[in-house]
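The structure displayed is predicted, hence computed values, not measured ones. As a basis for the values below, the full set of heavy atoms in this structure was taken, side chains included, without hydrogen atoms, waters or symmetry mates.
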Amino acid sequence: MPPDDRYPRHPQMRFHPAHLILRGSLCCCLLITLTAAAEPTIASNARLGSDNLTYHGTPQRTGWYDNEGTLTPAAVRTGSFGLLWESESLGYAGTTPPRLFASPLYVSGLEVPGEAGRPRSLDVIFAASATGFAAAINATPAGPLPAGATLWKRRLLSRPCANGTRGILSTPVIDRRLGRIYIVGCDKSWAWQVHALDLASGASVHGWPIDLSAEAINRPGVNANGDSRFPSEIAILQRGALNLSANGRWLFVAFGGEPSSGWLLSIDTIQRRVAGAFSVTARTEEGVGGLWASGGPAIDSDGDLYIASGSSYINALAGMGNEALYPDSAGNWSQSILHLAVDATGGFRLAGTYTPFNYCQAGGADIDLGSGTPVLVDLPPGVSLNTALLVHGGSKQGNAYLLDRKNMPGSLVRRQACAADPIKGAGADTSLMSPDIQPAFGTRGPLNVFGPYSDRVGMGDYAKSRTTPAYLNAADGRHLVYLTGSAKAAEESSESVPPGLARLEIVVNPDEPPFLRLDAIQSKLVLKNPGSPVVTSFNHRNAVVWVLDMNALRSVSLFGEDPPSPVLYAIDAISMELLWRSAPGQLYPSGKYNEPLVTGGKVFVGTDRIQAFGLTAVTSP
């Protein structure tokens, strides 16, 4: 079996008895800004506690951690920030090494079994690997137990699908009240199951796992959109992060497509069964609309779900053009942002839609709208005509969109006609657009952040973004959203160029709708295939943006003899100054589209293990 542990490969690294000290350098990201004339406190948008129980910190997917008082910009740039410890590898599947596509989660003060049966309270990191392992790792030294020690490790999949390269792709979700973590994985036959594990021991909760099978999903009355059938024995992927209703009753699971439609499921955690489903297309033969984004669905304070759908790689390769999106088909919601309400039985109801004006052209070239997850932002009452907002910025086209999420502009029957102009005709764009002329269109339209704008080139290595934005309500009252991506050197070039991080402003006025405006870019940082950014601050101040970049194009293999080594970046959220970057080779090979976890003065990164960064006791010379 290949070795599970290696020391990082970097010539500037030297060892210290307690930890490793490495020379760092500087880095950057992409930011979106909203200006508000109100007190800068919107508690529902920030993650305020130490626990990190779901992807991007909150069910709304805001990516904002407003309780980080240690890792200020001044502290990170001093040179005393570096690698603290590493856990053991998460375990091989045969000869396949582990990779973490799933982002790590965190529970503080968890009671776990100790010596002589006496419980002890520990801070614990939870991780899941593509090779089918789940693990709990001690985050803080506790007596003789060092940080980085494995508390428990479970092989959930004895034969993970795709030879262990795709066994678990999605970020799990934790129910702290019940003391369990939900994880979805697939076996060699591409059969998917959802597991519920006890946080303290890793043991399976009674009655779990349950099958996410065609038989369970295709029962009469389960699918709320037409007669589409969930496929069996094909390689449909479950990459979207799991999300959980506020009462813990409904677990939400999103599936990609190809050749199937995308699917969103609700799982009844009490009765342990599939309660509801929503297929992105109403007919099985229309295999488009995959729910691919690593962020999965977002949930607002009313319990409603929001998710973006994509197009079809297969249809694009077949040269179907506009017909690749079935624009005349009722109940086909590919290349759209959907608002779904959940009833008392876990069933879905379509409550709102938005489809961009150019969905046919972009979708026909597999330039997915659904490569990212929407972020839900609640502004203070009265600062704008619209205060329940949705920001979407993870599209392959590099566009950013702003919507009133409680008054989505689209039909509930079918999408509008295909259009070539964002402001004219029946297919005109209906998002909250800037009054300014946009260079991409020569008229008003959505905001193109990562260029060059194209309706023709944008799949694969040519995609501009695949991430979930991060929100910050800054101390000066501005509302900022950060977005990572990869601008390209030319329309038909896969070479990444700046910006990799931009800042937008959501401009607000009490008597007018809000809109997005490009405020600043980070002009030097080049990100090749970044994960989603997260933002840390303390009481809205001293904000830092953290980004993990795969450091290679999407098509580059994460396995084999020379997989890419990712890079962790820290950027001042206000000045956009690159504060720090991890040294070459310091991070072990990782998955795609995952993000760092920041809490308690530490940054935890999932690679083939957990690697922890923070302020070191000894600085580099």
Side-chain angles (χ1 to χ4, degrees), residues 51-55 87-93 98 100-107 110-114 117 119-120 122 124-138 149-161 164 166-213 215-217 238 240-245 247-253 255 265-275 296 346 606 610:
D51 291 349
N52 191 72
L53 309 179
T54 189
Y55 178 87
S87 73
E88 67 176 358
S89 164
L90 261 72
Y92 280 69
L100 270 68
F101 292 79
S103 300
L105 301 176
Y106 182 90
V107 173
L110 179 68
E111 287 197 353
V112 301
R120 55 183 173 177
L122 299 176
V124 183
I125 298 287
F126 293 90
S129 74
T131 49
F133 284 86
I137 295 160
N138 183 40
T150 300
L151 303 174
W152 56 257
K153 183 163 68 173
R154 284 278 314 276
R155 182 190 289 272
L156 298 183
L157 306 168
S158 59
R159 299 186 304 160
C161 56
R166 298 181 177 183
I168 300 171
L169 295 179
S170 61
T171 300
V173 68
I174 290 173
D175 187 328
R176 179 78 196 253
R177 181 178 58 87
L178 293 180
R180 63 176 64 167
I181 182 170
Y182 297 105
I183 303 173
V184 172
C186 68
D187 67 17
K188 188 176 181 179
S189 65
W190 292 95
W192 293 88
Q193 290 185 318
V194 54
H195 299 257
L197 306 182
D198 179 79
L199 291 176
S201 67
S204 292
V205 176
H206 177 71
W208 299 79
I210 63 173
D211 293 334
L212 302 181
S213 63
E215 291 74 18
I217 297 166
Q238 201 286 298
L242 311 184
N243 215 337
L244 192 65
S245 64
N247 63 5
R249 178 71 184 267
W250 312 114
L251 174 69
F252 300 108
V253 182
F255 280 89
L265 310 181
S266 66
I267 311 302
D268 188 332
T269 62
I270 295 176
Q271 297 187 6
R272 301 187 300 277
R273 67 186 184 98
V274 177
I610 297 296

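- Residue I270 comes nearest to D268 through the heavy atom pair N-OD1, 2.9 Å, listed as atom of the first residue, atom of the second, then distance.
- The line from CZ of F255 to CG of L212 is 5.0 Å long, rounded to the nearest 0.5 Å.
- From L169, atom CG reaches atom SG of C161 across 7.0 Å, with rounding to the nearest 0.5 Å.
- With contacts defined as side-chain heavy-atom distances shorter than 4.5 Å, the pair L244/Y182 qualifies.
- Although no hydrogens or angles enter the test, the distance criterion places a donor-acceptor pair under 3.5 Å between the side chain of S245 and the main chain of W250.
- Annotation: the span from R166 atom CZ to Q238 atom CD amounts to 13.0 Å, rounded to 0.5 Å.
- Using a 30° and 60° split on the angle between ring planes, F126 and W152 fall in the tilted class, from 30° to 60°.
- Across every non-hydrogen atom of E111 and P119, the tightest pair is OE1-CB, 4.0 Å.
- The minimum heavy-atom distance linking Y92 with F133 is given by the pair O-CE1, 3.4 Å.
- Taken from OH in Y55 to OG in S170, the straight-line distance is 11.5 Å, to the nearest 0.5 Å.
- A side-chain donor-acceptor contact under 3.5 Å links R177 to the backbone of N247.
- Taking the charged nitrogens against the carboxylate oxygens, R176 and D51 do have a contact shorter than 4.0 Å, which makes a salt bridge.
- Rounded to the nearest 0.5 Å, atoms OG1 (T269) and CZ (R249) are 6.5 Å apart.
- Shown here is R154, whose CZ atom has more than 12 heavy atoms of other residues, nucleotides or ligands within 6.0 Å.
- Contact of the L100 side chain with the I610 side chain is registered, since non-hydrogen atoms from C-beta on lie closer than 4.5 Å.
- N138 CG to L110 CG: the interatomic distance, rounded to the nearest 0.5 Å, is 10.5 Å.
- Around CZ of R273, the count of heavy atoms belonging to other residues, nucleotides or ligands within 6.0 Å exceeds 12.
- Counting only heavy atoms from C-beta outward, the side chains of L265 and I217 approach each other to under 4.5 Å.
- Two residues are said to be in side-chain contact when any heavy atoms from C-beta on lie closer than 4.5 Å; L242 and L251 meet this criterion.
- Side-chain contact between I181 and L197 is present, with at least one heavy-atom pair separated by less than 4.5 Å.
- Nearest heavy-atom pair across H195 and W208 is C-CE3, 4.3 Å.
- The shortest non-hydrogen separation linking T131 to P160 is O-CG, 3.5 Å.
- At a threshold of 4.5 Å between non-hydrogen side-chain atoms, the residues I183 and V194 do not count as touching.
- Residues T54 and I174 have side chains not in contact (no heavy-atom distance under 4.5 Å, counting atoms from C-beta outward).
- For the residue pair A127 and L90, the shortest heavy atom distance occurs at CB-CD2, 3.9 Å.
- For the pair L105 and P172, the minimum side-chain heavy-atom distance is below 4.5 Å.
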